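In what follows, chains are A, B, ... by sequence order, proteins preceding strands, each numbered from 1. Please read all numbers here as calculations on a predicted model, not as lab measurements.
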Number of protein chains: 2
Amino acid sequence: MSDKYRILIVEDEPLIAEDIAGYLIEYGFDVVGIAGNAETARRMLAENRPHAALLDINLGEGPDGIVVAEDIRDKYRIPFVFLTSFADKGTLERAKKTMPAGYLLKPFNGNDIMTSLEIAIFNHMNATGALQKEPNLEAINTQLPVELSIREYELLLSLRKGLTNKEIGERLFISVNTVKTHLQHLFVKLNTKNRTEAIFRISELMNGA
Amino acid sequence: MSDKYRILIVEDEPLIAEDIAGYLIEYGFDVVGIAGNAETARRMLAENRPHAALLDINLGEGPDGIVVAEDIRDKYRIPFVFLTSFADKGTLERAKKTMPAGYLLKPFNGNDIMTSLEIAIFNHMNATGALQKEPNLEAINTQLPVELSIREYELLLSLRKGLTNKEIGERLFISVNTVKTHLQHLFVKLNTKNRTEAIFRISELMNGA
DNA sequence: TTCAAAATCATCCTTTCGGGTGAGGTGCAC
DNA sequence: GTGCACCTCACCCGAAAGGATGATTTTGAA
């Protein structure tokens with residue numbers, strides 16, 4: 001498996017598509033598919049698992065590139081850039097609701113595409129990484145009537161990872177009995193009945209519920 | 001106070017800056033400042049509090065636009081778009097670390113700027129709000145070797161809320177035994193040992209791990 | 001120093017969970 | 001009609017979780 005980024009091109013004009021593909025390959029990307037319509041795009045997304053996509057909005061007959069974009073936004077977690085000649089307000093309004101990483105208006109060249117893709121992929125990697133942030137003890141405590149101790153907070157982090165009491169004990173070098181004691185205190189402070197509810201409560205606190 | 005979006009322009013060529021300002025005003029943006037160097041940009045950021053910024057990379061003497069971008073990334077939470085003629089790898093590498101919303105290469109026109117700004121601002125608003133969403137069945141299934149059934153998905157949603165088997169049964173009007181059967185299937189499909197690990201796996205899938 | 005909170009561990013007991021197995025009913029595709 | 005997937009439920013059993021109580025040690029603040 002190559003370590004190049006795998007790009008899907010959705011463009012109904014074969015000549016333009018080939019042109020774009022040439023740019024991408026020249027810049028060190030892998031082109032994992034060229035789809036001329038939404039149907040093909042959908043299939044290639046499922047089968048080829050690209051890291052990012054370039055979407056023409058006008059695809060002739062049938063669903064347009066924005067529909068493909070909605071599909072990507074809902075089902076796949078990859079960044080994409082629109083390549084289009086539509087600069088009108090209506091199209092832009094529809095397009096931006098799909099949260100594209102970029103929107104390139106014709107005429108564009110290889111450099112335009114390359115820079116937009118690079119940034120789209122880079123931002124996407126950092127954005128998804130930032131989401132996996134672990135809860136912060138202070139942030140939790142400010143929202144609780146009774147503060148968690150450091151040890152209880154550590155237990156909580158292990159809880160979130162789906163570990164059992166035994167595994168938590170091994171990981172923190174304490175007895176299973178101690179783990180249970182800490183968890184009892186944790187449940188009281190979080191006002192929860194069990195571990196799964198505790199996990200849920202924490203995710204609520206993290207997202208300002 | 002106007003409800004227009006307030007934009008800061010950082011550009012050392014007065015003619016180009018005026019040109020851009022004209023575009024923006026025409027498209028309904030407010031131009032809250034034109035900075036010809038990093039120093040002025042910094043001051044205007046602090047004083048005028050723009051919603052977004054357009055940054056030329058080359059600012060003549062002194063710190064360039066990427067330095068301004070780093071400042072924005074660290075101190076302000078606003079999206080920004082680079083406007084530049086630098087397409088070289090080195091500049092792009094430096095620029096993308098600042099996580100710009102866009103990167104427009106010269107020559108660009110009013111439409112290029114307008115669409116990039118619209119998308120930058122729109123994405124920024126949605127990114128800082130709707131971080132945590134309910135998992136989507138299709139999104140999960142595309143990432144699993146064996147797809148979840150609808151019922152199993154419903155069970156999963158209840159699991160995430162921290163409900164016990166009994167509570168889930170009552171909520172879905174099925175027997176606890178049925179709940180257990182579904183959960184067994186769920187654990188196999190998610191390749192997890194228990195409910196808490198299943199919750200963790202789902203959050204991984206949602207965050208593209 | 002004294003006191004209190006935190007951290008550690010244990011024992012006993014009940015409840016819940018999870019695995020295994022079997023099985024009846026429905027609806028849909030071939 | 002025959003499969004097949006899905007949903008439903010039951011019983012059994014061992015493992016894990018959770019509740020209650022008590023106790024020791026460490027640590028930091030008063």
Side-chain angles (χ1 to χ4, degrees), chain A residues 46 135-203, chain B residues 135-204:
Chain A
N136 165 273
L137 177 54
E138 284 190 58
I140 295 172
N141 278 341
T142 55
Q143 299 179 69
L144 291 179
V146 186
E147 297 197 348
L148 302 188
S149 72
I150 297 170
R151 206 52 165 166
E152 285 159 357
Y153 167 70
E154 290 170 359
L155 270 278
L156 180 60
L157 294 185
S158 293
L159 255 202
R160 282 167 45 92
K161 299 199 196 308
L163 304 183
T164 64
N165 289 350
K166 191 171 156 227
E167 289 168 336
I168 295 174
E170 288 164 0
R171 165 188 275 245
L172 299 181
F173 306 109
I174 54 179
S175 152
V176 183
N177 300 303
T178 307
V179 173
K180 290 168 117 184
T181 304
H182 283 310
L183 284 185
Q184 281 187 46
H185 297 159
L186 197 53
F187 296 156
V188 171
K189 291 183 179 180
L190 292 176
N191 189 29
T192 55
K193 292 187 304 297
N194 53 51
R195 63 212 292 118
T196 53
E197 202 185 346
I199 294 171
F200 180 64
R201 176 81 72 257
I202 286 301
S203 88
Chain B
N136 163 275
L137 178 53
E138 284 192 76
I140 294 173
N141 279 340
T142 54
Q143 299 180 68
L144 290 179
V146 187
E147 296 195 348
L148 302 188
S149 73
I150 298 170
R151 207 53 163 165
E152 284 158 359
Y153 169 69
E154 290 169 1
L155 270 276
L156 181 60
L157 294 185
S158 294
L159 254 201
R160 282 168 44 92
K161 298 197 195 308
L163 303 183
T164 64
N165 290 350
K166 191 172 158 225
E167 289 168 336
I168 295 174
E170 288 165 359
R171 163 187 278 244
L172 299 181
F173 305 110
I174 54 180
S175 153
V176 184
N177 301 302
T178 308
V179 173
K180 291 167 94 176
T181 305
H182 283 309
L183 284 186
Q184 281 188 45
H185 298 158
L186 197 54
F187 296 155
V188 171
K189 291 183 180 180
L190 292 176
N191 188 30
T192 55
K193 294 187 302 295
N194 53 51
R195 63 215 290 119
T196 51
E197 202 184 344
I199 294 172
F200 181 62
R201 177 79 72 256
I202 287 301
S203 87
E204 277 184 334

Protein-nucleotide distance (A/Gln184, atom CD; C/dA10, atom C1'), rounded to Å | 13 Å

Atom pair distance, as rounded to whole Å: CD in B/Glu170 and C1' in C/dT16 = 14 Å

Options C/dA7, C/dC9, C/dC17, nucleotide nearest the side-chain atoms of A/Ile174 | C/dC9

Over how many whole Å does the gap from B/Ile150 atom CD1 to C/dC28 atom P extend?
-> 12 Å

Taking for each residue the nucleotide of DNA chain D with the nearest heavy atom, is it A/Leu163 or B/Glu152 whose nucleotide lies nearer the 5' end?
-> B/Glu152

Atom pair NE2/CG of B/His182 and B/Leu156 - distance to nearest 0.5 Å = 12.5 Å

Checking D/dA16, D/dT8, C/dG18 against the side chain of B/Leu183 (C-beta onward), the nearest is C/dG18

Residue A/Lys180, side-chain atoms from C-beta onward, closest of D/dG19, D/dA10, C/dG19 = D/dG19

Let me know the distance between NZ of B/Lys166 and C1' of C/dC17, rounded to the nearest Å.
-> 14 Å

Starting from C1' on D/dC9, measure out to CG on B/Asn165 and report it in whole angstrom.
-> 14 Å

Find which nucleotide of DNA chain D each of A/Val176 and B/Ser149 is nearest to by heavy atoms, and output the residue with the more 5' nucleotide.
-> B/Ser149

N or O in side chain of A/Thr178 less than 4.0 angstrom from C/dT8 OP1/OP2 | no

Interatomic distance, CD@B/Glu154 vs CD1@B/Ile168, rounded to 0.5 Å, equals 11.5 Å

What's the NZ-P distance between B/Lys189 and D/dC7, to the nearest Å?
-> 8 Å

Report the residues that fulfil side-chain hydrogen bond (donor to acceptor under 3.5 Å, both in side chains) with A/Ser149, sequence neighbours left out, ordered by chain and then residue number.
-> A/Glu152

Of all heavy-atom pairs between B/Glu197 and B/Asn194, which one has the smallest distance, and what is that distance?
-> N-OD1, 2.9 Å

Among D/dC9, C/dG19, C/dT11, which is the nearest nucleotide to the side chain of A/Asn177?
-> C/dT11

Counting heavy atoms from C-beta on, name the nucleotide in C/dT8, C/dG18, D/dA17 closest to the side chain of B/Arg195.
-> C/dG18

Within less than 4.0 Å of OP1 or OP2 of D/dC9, is there a side-chain N or O belonging to B/Thr181?
-> no

CD1 of A/Ile168 versus C1' of D/dA17: gap in Å, rounded?
-> 11 Å

Could you tell me the separation between the CD atom of A/Glu154 and the P atom of C/dA6, rounded to a whole number of Å?
-> 14 Å

Out of D/dC9, D/dC7, D/dG18, which has the shortest distance to the side chain of A/Phe187?
-> D/dG18

Compare the minimum distances between each of C/dG19, C/dA7, D/dA17 and the side chain of A/His182, then state the nucleotide with the smallest one.
-> C/dA7

All heavy atoms of B/Gly162 vs all of B/Glu167, minimum pair found to be O-OE1, 4.3 Å

